[in-house]
Structure formats: structure tokens, C-alpha cells
Q: 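First, the structure itself, so that you have it in front of you.
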Amino acid sequence: MRRGTDHPLTDATVDLMDQIAAAAREYGRPDSADLLVDEVRVTRFAGSVVVVVGEQKRGKSSLINALLDRPGLLPVDADVATDTRIVVGYAPEDVATVISTDDPQGRQIPLDELTRYAALGTDGTPAHPNVERVEVGIPAPLLADGLILIDTPGIGALVTGHTTVTLATLPRADALLFVVNGATELTRSELAFLGEATRRTRAVVFVLTRTDTFPHWPEVLERNRHLLREHAPGFADAPWFAVSARLRHLAQQEAAVDPQGAAQLLADSGTEVLIAELRLRVLLRGRHARLVGLAETAAAVLADLESDQRQRLRSLSADADLLAALSARQAELATLTAPEAPWRSKLAERFTDLLAELRTDADARIATLLGSAQAALRDGGREALTSVPADLVEGSRGLVLELENLINVHAPVIAVQLAGELGLDGLTARRVDLRAPAGARGLAPDLIVDQAAPTGTRLPQLPWLPVDWTTRAGPQLGTIAARTAAGYRQLGPAGRNVALAVGIGAFVALVAGAAAMFGRLAHQQSRDRLRAQVEQTLRQLAGELPQVLASTVDDLHRELVTQVEQRLDGVRAEVDSEVRRVLTDRADSESRLGPQRDEVRHRLSRLQTLGEDLSALRHRLDGQG
Ligand SMILES: Nc1nc2c(ncn2[C@@H]2O[C@H](COP(=O)(O)OP(=O)(O)O)[C@@H](O)[C@H]2O)c(=O)[nH]1
Ligand SMILES: [Mg+2]
């Protein structure tokens, strides 16, 4: 994969990580070594996801086509509206895959059939309501650098299905690219969306399109800034880019004939500045945050290794207090591993709270789905007979995504808290992998694009993007590595990680079942019948949800308990063997202890050198930030 936008310190960082991983392996911490190697892999390949959002016909799809210099790529037409998410990433050759309820694994389609699957039909209803997303891979240079662009259906009222899904996607992306056009100022629904988005996104870039058609766009832009200050102050300082997709296409056509004119058109299109911004702010900053996270993880690993060796030195030097300290730790661990250890009930309480929160949230969302369906059936025209079921299908997807978000925000916090309270060196809540099979997440963008959707689910989601559970407090562009490091720092030495790999399959299946029901309700003849069926399906969903949520949370709880128990057993075994070593060392002769001390001192000095190199690197990273 071509990497034109690489961070200047990538090689230096990766090289040092390799050295630290090697030391960890040599000095008896293979898990820490694996952790580092794993994170390096993620850092090398992780791309940045940009969700392109805006109302219908603002020029989102045209903009993506222009940025990729592929005029016909995404469906653009006065009367063809995008009706599903189109995820565009790098692939060495053109490829398109439809992920639908019928084909959760994905089914390859010719790229030129994209419109058929991704757009509304001529009668204004989805031609393929079961399509969850389409993944498109093309060999565009901008994507080769790791960018993933997600084209979305237009946002409307906050409660509509499409908008719900788009909002739920934001915490999983690196940036939001918000598209408006130069004709009119931000609408009420756009401002409402942005208000909601403030809590959910790390970075936003505003793009005002069609500057070629709307000469008064500068006034519109000024007015928009003003409106943002008033209605979404969190975005008041976000950058704005005024562009014309058309001028970029014209420039492309002119390039061979009139290079000078083409260069002027390209400059006038404003798109080059936007591309530079995407490279700099999104790609490069994402990489930077990942490198910083990696360096932080490495620092914690080093501290861990050093503490091991210091303890070893104490033992070899017949430190009188060491045995007492180890015995105290043994006693403490004995209490913690007892069946009546207080952490168990405390943990149970936290999961009970989580369940309550999930239920409240789910109930509220189902009530909203019902309310807006009823309103549309009461007030809408005939099109409500098709739009309401379609909206409910999307609304169900949004429900799953939002509940996943909630679990992903809370479950790691519970794990982190517990680890802190148990004083468990090495209990690290790295990531809560809720659904995807091992290896399907946090992978290279090319893998995300190439890979089939997660297996074992009936309602496949957007490619899983790690949820930002540090919210906005973390690095500007949160990343797996940065967040992993945050968890690591809170929890002390890593090495043995708690990855909560729990399926929420039952939950997904339940909601997918409801979504499929809604899908079948389209083209009903009577409003009253449709209303009755919608109400019945939602009631059924609301009725079954508590049980399914309870068992999901129960699984999570059990999984964490198992992990903690295993970890406690591991620590116990470690401390026990340390005690045995202390006793052996005591019985040993000075002629044998001396050389061992020398070896440990040698190790400590190697670790110290690595530590100095790491400090220097972190300093350089700070300077680049
Ligand atoms: N003149 C002009 N028209 C544009 C430009 N960008 C988009 N359009 C037109 O605006 C309409 C809506 O564009 P589209 O990309 O489908 O909007 P979307 O619904 O936000 O994805 C289409 O007819 C496009 O041809 C532009 O930069 N200049
Ligand atoms: Mg579109």
C-alpha cells in the first residue's frame, strides 16, 4: 500500500518498539511483547474514518467523487438519492460489496450496479431496503494513505432512521465532514444535528459546496459561522472549506488540453486545500496520536520490566524486607480469590446499574420509534406507507448501534475501575470487543474493505470502529493505541490483557428480526393495518428486549469475572514462585549469586538505555504534535 502521508517518526517509533518488545520477551514478559507488537501492527495499518454528512442534495456524493477524481463513482443525480451508507476505502482494483440482511457476509457486485443498491428507486422507495451498507474499494491515492470515507444518506429530522444511524456512527469515526451548500444558510435540522453531534465527534470539518453556482456563498458562509456560534458553539472554531466539485472535474478534463487553465480551475475548486486538510488534520494527526499512544504503552511496559528486575536484584541481594512484602501480597491475594471477596458483589452491582441504563435507553428509543411512526402515519401522505417501514428498519439498526456504543462506553470503565481497586498489576482492559470475530477489528483499512462482514450476526453493522470511550477528553484524534495506552496507564503494567470478547448476538438477532418484520410491512394498502402492525412489532420488541439485554449484560459480567479470576490466579502463581526464588537465593552461595546480580544489573542498564531512547522519542513526538 502506498503511503504518501506518513508520519516522519513512524520508523523511529516502530524500531524502538521492536527493541522494547524483544527485551520484554527475553526478560520473561512475552505477553507485554505481544501487546506491543500487536499495537505496532494496528498503528502501521490503521486508517482514519471520515463520515460525510449533510442534508440531501447538498453535494456529499459529488464531493467524494471529486476528491477521489472519479466522477461517476458514487451515484449523483438530481433525482437519485443515496439511501444507504457507502464505505469507500482503498483496494488495488475496483471492487464493490453489498452487505445486507440477506447477505450479511457481503456479496460482490459490479461497481456500475452501485446505484441499484445504494439509491432510492424512481418511486422514492428503497429498491433494496435490506441493504445495510455497500463497501467500495478503489485504487485512489488519497485512500491508499489510509483514508476511509463514508457517504451517508441525507440527514433530516433527528428522529428519522437514517439520522439515528449516522449519529450512532460518529463516535466510531475520526472525523465528521459536514457538507452544506452555498445556496442557503444552515437549516434548523442541520443545526439540531450538529448540536447532537458535538458530544459524539472528535473533529469536524465543514465544507460548503457548489461555489460555482452560488456567487453569494461567502455571505452564506459568514452567516453559517454565526449560526454555529449560537447553536453549536462546540463547532464555532471548526475550519470551513468552500469547494466546487464541478470545477475540479472540469480541471481534470482540461488538464491535457490547457494545463494552465486546468491549474486555475483546480485552484478555484478549493478542493486541493480540503485534501491537504484531510491529510494533515485527519490522517497525519491520527497517526501522530497513535504513535504517542504507542510510546506511552512502551513506557508502561518498560516500567513493568524494570520493576521485575529490581525485585530480582533485591532477592539476589538478600533484601530482608522482600519476603515480608511478598507474604503480605500472598495474604491479600488469598482474600481476593476467596468466593466471598467483596469485589464480586460490587461488580455485580455495577453490571446491574449498566443493565438499568441500557433498558432505560432502549425503552426511550423504542418509544421514539413508535412516536415518529405514528406521527408520520397520521400526518404524512401516501408515501408514509413505504417511508415508515423503511425508517423503522434503519431505526432498528440505529438502536443496535447506540446500545453497542453504550456498552462500549461503560464496560471498559467497569473493568478499569475493578482492576484499580484490586491493585491488579497487569489487568488491562484493552478493548471491549463485543461482536466481531477475532481479527476483524482495528485492522488495516484495506482489510476492513476487503474483509467480509462479521460473522454470526444477522444485522451486520458498519465496519466496527472502536468507540471513543474516553469521550473528548482523550487525544484529539482518539485511536485504538492511544486509548489502549490510557487504559494501560490507569491499570499499571500490562502483559495480560482483559479483552472482553462477548457476543451480543441474541440482542442483534432480536432487533434484526424486528427490522426484517418492518421490511416486510412496506407496500401495505392500509394505514390502519400498518399502524397496528408497527405497534404490535414494537410492543413485541419492547417486551423481549429486557430479557435479551439482561443475558447480554450477564455474559459480559461473567466474562469479566472469569478474566479477573484467571488473572488473580496468575498473579498468585507469580508471587508464589517469587517467594520460592527468594528462598532459593537465600540458600545459594555468594559465588553463584554474584554473577546473577551482574546479569540483572546489565539488564537494568539495558532497560535504562531503552528508557532514555524512549524519552527522547517522546520528546520529539511532542515537538511534532
Ligand atoms: N454546479 C455544481 N453542482 C453540483 C456540485 N456538487 C454537486 N452538485 C449537484 O448537486 C446535486 C446533488 O449532488 P449530490 O452529490 O447527489 O448530493 P448529496 O445528496 O448530498 O449526495 C447533483 O445534481 C450534483 O450534480 C458542484 O460543485 N457544482
Ligand atoms: Mg448522495
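Indexing begins at 1, ligand by ligand and atom by atom, following the structure's order.
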Q: Short N/O distance, under 3.5 Å, between Ser62 and ligand 1?
A: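 So ligand 1 has an N or O lying under 3.5 Å from an N or O of Ser62.
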Q: Which of the numbered atoms in ligand 1 are under 4.0 angstrom from any heavy atom belonging to Thr213?
A: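 Near Thr213, meaning under 4.0 Å from one of its heavy atoms, ligand 1 has 1 (N), 2 (C).
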Q: Without hydrogens or angle criteria, can the side chains of Glu230 and His226 be said to hold a donor-acceptor pair below 3.5 Å?
A: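 Yes, because at least one side-chain N or O of Glu230 sits under 3.5 Å from a partner of the opposite role on His226.
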Q: To check you understand the geometry: which heavy-atom pair defines the closest contact between Thr201 and Ala203, and what is its length?
A: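 Answer, listing the atom of Thr201 first, then Ala203: OG1-O, 3.3 Å.
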Q: Apply the test side chain to side chain contact (heavy atoms under 4.5 Å, CB included) to residues Phe518 and Leu369: give CA-CA distance (whole Å), side-chain angles for both, the deciding distance (0.1 Å), then the verdict.
A: CA-CA 12 Å; Phe518 294 133; Leu369 288 179; 5.7 Å; no
Q: Are any of the N/O atoms in Val76 less than 3.5 Å from those in ligand 1?
A: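 No.
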Q: Is there a heavy atom of Asp212 sitting under 4.0 angstrom from any atom of ligand 1?
A: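 Heavy atoms of Asp212 do come under 4.0 Å of ligand 1.
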Q: Give the atom numbers and elements of ligand 1 that come within less than 4.0 Å of a heavy atom of Ser244.
A: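 Once the distances to Ser244 are compared, the set is 27 (O).
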Q: How long is the gap from CG on Leu399 to OG1 on Thr164, to the nearest 0.5 Å?
A: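 Reported value, rounded in 0.5 Å steps: 9.5 Å.
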Q: List every atom of ligand 1 that sits less than 4.0 Å from any heavy atom of Lys60, numbering the atoms from 1 in the order shown and giving each element.
A: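 Checking each atom against Lys60, I get 15 (O), 17 (O), 18 (P), 19 (O), 20 (O), 21 (O).
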Q: Taking C-beta and beyond as the side chain, do Asp212 and Leu250 meet within less than 4.5 Å on heavy atoms?
A: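 Counting from C-beta outward, Asp212 and Leu250 never come under 4.5 Å.
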Q: Which one of Arg248, Lys57, Arg210, Arg246 has a non-hydrogen atom at the shortest distance from atom 10 (O) of ligand 1?
A: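 It is Arg210 that holds the nearest heavy atom.
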Q: Return the minimal non-hydrogen interatomic distance between Val165 and Gly398, and the atom names on each side.
A: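 Heavy-atom minimum between the residues: CG2-N, 3.6 Å.
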Q: Any idea how Trp240 and Phe206 line up, ring-wise: parallel (<30°), tilted (30 to 60°), or perpendicular (>60°)?
A: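 Geometry flag for Phe206 against Trp240: parallel rings.
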Q: Can you find an N/O atom of Asp151 closer than 3.5 Å to an N/O atom of ligand 1?
A: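 No - when backbone and side-chain N and O of Asp151 are compared with those of ligand 1, no distance drops under 3.5 Å.
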Q: Please state which option from Gly59, Pro75, Gly154 has its nearest heavy atom closest to atom 17 (O) of ligand 1.
A: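 Going through Gly59, Pro75, Gly154 one by one, Gly59 has the nearest heavy atom to atom 17 (O) of ligand 1.
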Q: May I ask you to list the atoms of ligand 1 that are less than 4.0 angstrom from any heavy atom of Arg58?
A: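 The list of qualifying atoms is 17 (O), 18 (P), 20 (O).
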Q: Walk me through whether Gln56 and His162 qualify under side chain to side chain contact (heavy atoms under 4.5 Å, CB included).
A: CA-CA 11 Å; Gln56 266 189 29; His162 282 329; over 6 Å; no
Q: Would you say Ser62 reaches the Mg ion (ligand 2) with an N/O/S atom under 2.8 Å?
A: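 Of the N, O and S atoms in Ser62, none lies under 2.8 Å from the Mg ion (ligand 2), which means no.
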